[in-house]
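Small disclaimer: the values here were computed from a predicted structure and weren't measured. What's counted below: heavy atoms across the whole structure, side chains too, no hydrogens, waters or symmetry copies.
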Amino acid sequence: MLLGKNPKMSSHDVPLQQDCNHVTYMGVRLHLFLHGFKSGRMTTLTKRSRRTEAPTSTESRGHEEEEEQKSRATDEEEDGDSKTLRLTLMEEILLLGLKDKEGYTSFWNDCISSGLRAAMLVELALRGRIQLQPQSMRRKKLSERSVMLKSDAPTGDVLLDETLKHIKNTEPAETVASWIDLLTGETWNPLKMYFQLPQVRERLAKSLVEKGVLTTGKQNFVLFDMTTHPLVNEKEKERLLQRLQASLLDRWTNEPHRLPRRTLALLVLAHGSDVLERSLTSLPDDRYEIASGRAKDMLEGDIEQQSAKVTTPAEEVIWAVLAALNRA
């Protein structure tokens, strides 16, 4: 009876119409599927690409720390001391300046205070926290370029973080020489006296005590008692001396920029802190003459010419520190 309602349609036409409807229905579903696939997948890919292009601050900071670790690991491998106790440049300079048995620096050495502050700047540069002001069309000398903040991520070292905080909060930016003076307290401006870092030697000595390199004692000087820090880890001091001496002898490269960065920094800071010559006195006379001659040629030569060969921002800071310490 249902077929009789449409006289033009035969019983053979019904399956054909159902097949057409089925094809149309499947075509619509296929279209919707493809449309949804395109919109869904493309939106996801777009979002992923945006997340890649704009990392969060946490990811950025993690990347900086990873780069710092790679940089430090490279220097350790080049210096050949990756399995030994790791000291900061400040601790190494103090260790070179301390008398082994007495446990204090020479009263006649008035350069080590500025040398320790300079070591903080170099250490921050090696850890990727600061750099020199970029060169412009009017090229400036190293001594005229300001210290710029590169990253304010904490280093985990109290003295370095204090220095980094001062640099971050100071406007206008200061030069390397100015920062050495300010951190040492050598300024006539009473408004800038708060930049001075107090008790640097004592704080570094305590750190070396915690690392098992020094111990704590006292010595009486008639009018007063002074806390001393005699050497207890002779191997660590010997390793440091051998590394410094070898850089001027067996591992000498004739080109300072080919030296590992931490070794170059150690030579520059030892020279500026007036402890380099004392570090070479254990050498035989002939080797002492060779080492001291090479050190003099490198550290008292044309600093601007040497700095033109640098390959990293940290090296620029090292040569700027040398220029500042030679000026003093």
Side-chain angles (χ1 to χ4, degrees), residues 57 60-72 74-75 87-93 113-136 139-187 192 194-197 200 204 257 260-269 272-273 303-304 306-308 310-328:
S57 59
S60 177
R61 180 165 295 181
H63 178 70
E64 291 172 357
E65 292 175 354
E66 182 180 353
E67 289 298 318
E68 177 187 330
Q69 291 174 358
K70 289 181 180 179
S71 174
R72 291 172 66 85
T74 301
D75 284 332
L87 304 180
T88 65
L89 287 169
M90 303 88 73
E91 292 168 341
E92 289 180 335
I93 293 301
S113 292
S114 56
L116 291 174
R117 273 70 174 186
M120 296 176 197
L121 297 177
V122 176
E123 189 73 52
L124 286 172
L126 289 173
R127 298 192 186 198
R129 300 306 194 272
I130 62 172
Q131 63 184 11
L132 291 187
Q133 175 187 17
Q135 287 283 18
S136 58
R139 294 187 64 84
K140 294 183 178 180
K141 294 182 178 180
L142 287 173
S143 58
E144 298 174 348
R145 294 166 64 185
S146 302
V147 176
M148 310 298 293
L149 182 70
K150 188 176 180 182
S151 169
D152 62 353
T155 65
D157 184 285
V158 177
L159 284 172
L160 293 180
D161 288 341
E162 287 181 20
T163 304
L164 190 63
K165 183 178 179 181
H166 284 317
I167 295 174
K168 177 183 177 180
N169 297 331
T170 300
E171 288 290 343
E174 302 280 357
T175 63
V176 168
S178 296
W179 273 120
I180 294 174
D181 290 341
L182 291 172
L183 296 173
T184 309
E186 296 181 0
T187 176
K192 292 187 176 182
Y194 72 93
F195 285 121
Q196 181 180 5
L197 297 179
V200 169
L204 290 172
H257 67 276
R261 288 174 296 175
R262 297 192 77 87
T263 299
L264 174 62
L266 181 62
L267 287 169
V268 166
L269 294 166
S273 303
I303 297 176
E304 293 294 334
Q306 291 291 351
S307 66
V310 301
T311 58
T312 64
E315 290 178 77
E316 283 191 321
V317 175
I318 293 173
W319 289 108
V321 161
L322 178 60
L325 294 176
N326 281 352
R327 177 214 63 175

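When the side chain to side chain contact (heavy atoms under 4.5 Å, CB included) test is applied to Ser273, the partners found at least two apart in sequence or on another chain are Ile93, Ile112, Val275. Annotation: side-chain hydrogen bond (donor to acceptor under 3.5 Å, both in side chains) contacts of Ser136 (sequence neighbours excluded): none. Qualifying side-chain hydrogen bond (donor to acceptor under 3.5 Å, both in side chains) partners for Ser178, counting only residues two or more places apart in sequence or in other chains: Thr175. A search for side-chain hydrogen bond (donor to acceptor under 3.5 Å, both in side chains) contacts involving Thr312 returns Glu315, not counting sequence neighbours. Considering only residues two or more places apart in sequence or on other chains, Val321 meets the side chain to side chain contact (heavy atoms under 4.5 Å, CB included) condition with Ala118, Val122, Val176, Val268, Leu269, Val317, Leu325. Evaluation of the side-chain hydrogen bond (donor to acceptor under 3.5 Å, both in side chains) rule for Gln131 yields no partner, not counting sequence neighbours. By the side chain to side chain contact (heavy atoms under 4.5 Å, CB included) test, Gln133 is found to be paired with Lys140, Arg145, Ser146, Met148, residues two or more places apart in sequence or in another chain being considered. For Trp179, the ring pair (Phe, Tyr, Trp, His ring centres under 6.0 Å) partners two or more places apart in sequence, or in a different chain, are Phe195. Every salt bridge (charged side-chain N to carboxylate O under 4.0 Å, His left out) that Glu174 has, sequence neighbours left out, goes to Lys192.
Between Leu124 and Ile167 there is a side-chain heavy-atom pair separated by less than 4.5 Å. Two residues are said to be in side-chain contact when any heavy atoms from C-beta on lie closer than 4.5 Å; Thr163 and Glu123 fail this criterion. Leu126 is listed as a side-chain neighbour of Leu89, based on a closest heavy-atom distance under 4.5 Å.
Of the possible polar contacts, one joining the Arg129 side chain to the Pro154 backbone as a donor-acceptor pair under 3.5 Å is found. Under the 3.5 Å distance criterion, the side-chain polar atoms of Arg261 are left unmatched by any main-chain donor or acceptor of Ile318. No donor-acceptor distance shorter than 3.5 angstrom exists from the side chain of Thr184 to the backbone of Glu186, with no hydrogens or angles considered.
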task = Show your reasoning for whether side chain to side chain contact (heavy atoms under 4.5 Å, CB included) applies to Leu197 and His166.
result = CA-CA 10 Å; Leu197 297 179; His166 284 317; 4.3 Å; yes
request  = Evaluate the side chain to side chain contact (heavy atoms under 4.5 Å, CB included) criterion for residues Gln196 and Thr187: first the C-alpha distance (whole Å), next the side-chain angles of each, then the deciding distance (0.1 Å), finally the verdict.
outcome  = CA-CA 9 Å; Gln196 181 180 5; Thr187 176; over 6 Å; no
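Shortest non-hydrogen contact noted between Leu132 and Ala320 is CD1-CB, 3.9 Å. In terms of heavy atoms, Arg127 sits closest to Thr88 at NH2-CG2, 3.8 Å. For Ile180 against Ala324, the heavy-atom pair with the smallest separation is CD1-CB, 4.0 Å. Shortest non-hydrogen contact noted between Ala177 and Arg327 is CB-NH1, 3.4 Å.
Identified under the salt bridge (charged side-chain N to carboxylate O under 4.0 Å, His left out) test for residues 157-168, with sequence neighbours left out: Asp152-Lys168, Glu162-Arg203.
Between the NE2 atom in His257 and the CD atom in Gln306 there is a gap of 8.5 Å [rounded to 0.5 Å]. Taken to the nearest 0.5 Å, the CD atom of Glu304 stands 4.5 Å off from the CG atom of Leu142. Rounding to the nearest 0.5 Å places OG1 of Thr170 at 8.0 Å from CG of Leu182. Atom CE of Met120 is separated from atom CG of Leu204 by 6.0 Å, given to the nearest 0.5 angstrom.
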